[in-house]
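To start, the structure under review is shown below, and the notes come after it.
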Amino acid sequence: FFTYTFNIDNINCYDVKLVVSHVGGCIDSITKTDYICVRSTPQICFTTDVDSSCLPHTLVLTNCTPGLTNLDFTLTGPCGPYTPVTGATATYNLTCGGIYTASATGTFAPGCTASITKQVLMKATPVAAYTVNDNFGCTTPTCVTYSATPCAGCTYGWTFGGGAPNFIAPLANPNANTCYNNFGTFPAILRVTGSNGCIGTENTANVVNIRRINPIIRQNRVSGCSPV
């Protein structure tokens, strides 16, 4: 057997002809038409459900390559490593902010593969938390100061059930005041908007309790001889 190696750079189909000659002068040949075909590098595609998102987020990668059922997906980024997935889709639950690189590789035939990468931005969501200077009162009006946990570049919007005012548009000041003119228990909602546009929410029921004091006099008897 004889082996010949050729480097082919051009995209085309090639005939192969083998000529065998003998020292005695005999010659024979065989030709294979389009025996070797060099095709262009295959192209693959996949989509991400978002290009950027606020956290937490479940990232979904989906194969969109015609004629290819599955891709080999990988993901690198903050808080990794992430487990590779082979299939039509891959999902990753992300909780850390930063840039992620999603990659996919498709195999069309032995030795014939193609890869593609995409980047996705995940933005941290600010934590919404607050304290109240006094969440109990016994007279009306009772005025309360709410203090949000501050974060750089954030704004703070409030909704107070039963309070006056009952809504405060987002402001840079993390503190807010409202007064309650009625007795009862009242909720509060804090929305913190980060400089990246992501919003964290804290919705708490029965934050403030305003109760009327009802004095009661009790005695062990209503009449008797002196001394009682």
[X]-[Y] co-clustered via ILVMFWY side chain contacts under 4.5 Å:
{"X": "Val144", "Y": "Phe167", "result": "no"}
{"X": "Ile30", "Y": "Val16", "result": "no"}
{"X": "Val50", "Y": "Ile199", "result": "no"}
{"X": "Ile189", "Y": "Val207", "result": "no"}
{"X": "Phe186", "Y": "Val132", "result": "yes"}

Kindly compute the distance separating [atom1] ([X]) from [atom2] ([Y]), expressed to the nearest 0.5 Å.
{"X": "Arg212", "Y": "Cys138", "atom1": "CZ", "atom2": "SG", "answer": "11.0 Å"}
{"X": "Leu94", "Y": "Cys79", "atom1": "CG", "atom2": "SG", "answer": "9.0 Å"}
{"X": "Leu68", "Y": "Thr107", "atom1": "CG", "atom2": "OG1", "answer": "7.5 Å"}
{"X": "Met122", "Y": "Cys54", "atom1": "CE", "atom2": "SG", "answer": "9.5 Å"}
{"X": "Ile210", "Y": "Asn182", "atom1": "CD1", "atom2": "CG", "answer": "10.0 Å"}
{"X": "Tyr100", "Y": "Thr48", "atom1": "OH", "atom2": "OG1", "answer": "14.0 Å"}

If the plane angle is over 60° it's perpendicular, under 30° parallel, otherwise tilted; pick one for Trp158 and Tyr146. tilted
Enclosure of Asp51 CG (heavy-atom neighbours >12, cutoff 6.0 Å): no
Do you know the tightest heavy-atom contact between [X] and [Y]?
{"X": "Ala104", "Y": "Phe46", "answer": "CB-CD2, 3.5 Å"}
{"X": "Ala129", "Y": "Leu190", "answer": "O-CD2, 3.6 Å"}
{"X": "Arg211", "Y": "Phe183", "answer": "C-CD2, 3.5 Å"}
{"X": "Ala205", "Y": "Pro187", "answer": "CA-CB, 3.9 Å"}
{"X": "Pro56", "Y": "Thr95", "answer": "CB-CG2, 4.5 Å"}
{"X": "Pro78", "Y": "Gly97", "answer": "CG-O, 3.4 Å"}

Look at the side chain of [X] and the backbone N and O of [Y], then say whether any donor-acceptor pair between them is shorter than 3.5 Å.
{"X": "Tyr82", "Y": "Asn93", "result": "no"}
{"X": "Asn196", "Y": "Ala124", "result": "yes"}
{"X": "Asn70", "Y": "Thr86", "result": "no"}
{"X": "Asn63", "Y": "Leu71", "result": "no"}
{"X": "Thr65", "Y": "Cys45", "result": "yes"}
{"X": "Thr125", "Y": "Leu55", "result": "yes"}

Return yes if a side-chain donor-acceptor contact under 3.5 Å exists between Asn175 and Ser147, otherwise no.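 Yes, Ser147 and Asn175 have a side-chain donor paired with an acceptor closer than 3.5 Å.
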Considering only heavy atoms from C-beta outward, does the side chain of [X] approach that of [Y] to under 4.5 Å?
{"X": "Tyr130", "Y": "Val192", "result": "no"}
{"X": "Asn166", "Y": "Thr178", "result": "no"}
{"X": "Asn209", "Y": "Asn135", "result": "no"}
{"X": "Asp28", "Y": "His22", "result": "no"}
{"X": "Pro170", "Y": "Arg191", "result": "no"}

Thr101 and its side-chain contact (heavy atoms from CB on, under 4.5 Å) partner, picked from Leu75, Val120, Thr117: Thr117
Derivation and outcome, side chain to side chain contact (heavy atoms under 4.5 Å, CB included), residues Tyr156 and Ile168: CA-CA 8 Å; Tyr156 311 87; Ile168 297 178; over 6 Å; no
By the ring pair (Phe, Tyr, Trp, His ring centres under 6.0 Å) test, which pairs, at least two apart or in different chains, include something from residues 50-72?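 Residue pairs with at least one partner in residues 50-72: there are none.
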Which residues end up grouped with Ile27 if you chain together Ile, Leu, Val, Met, Phe, Trp and Tyr wherever their side-chain heavy atoms are less than 4.5 Å apart? Val19
What residues join Ile99 in its hydrophobic cluster, counting side-chain heavy atom gaps under 4.5 Å, either direct or through other members? Leu121
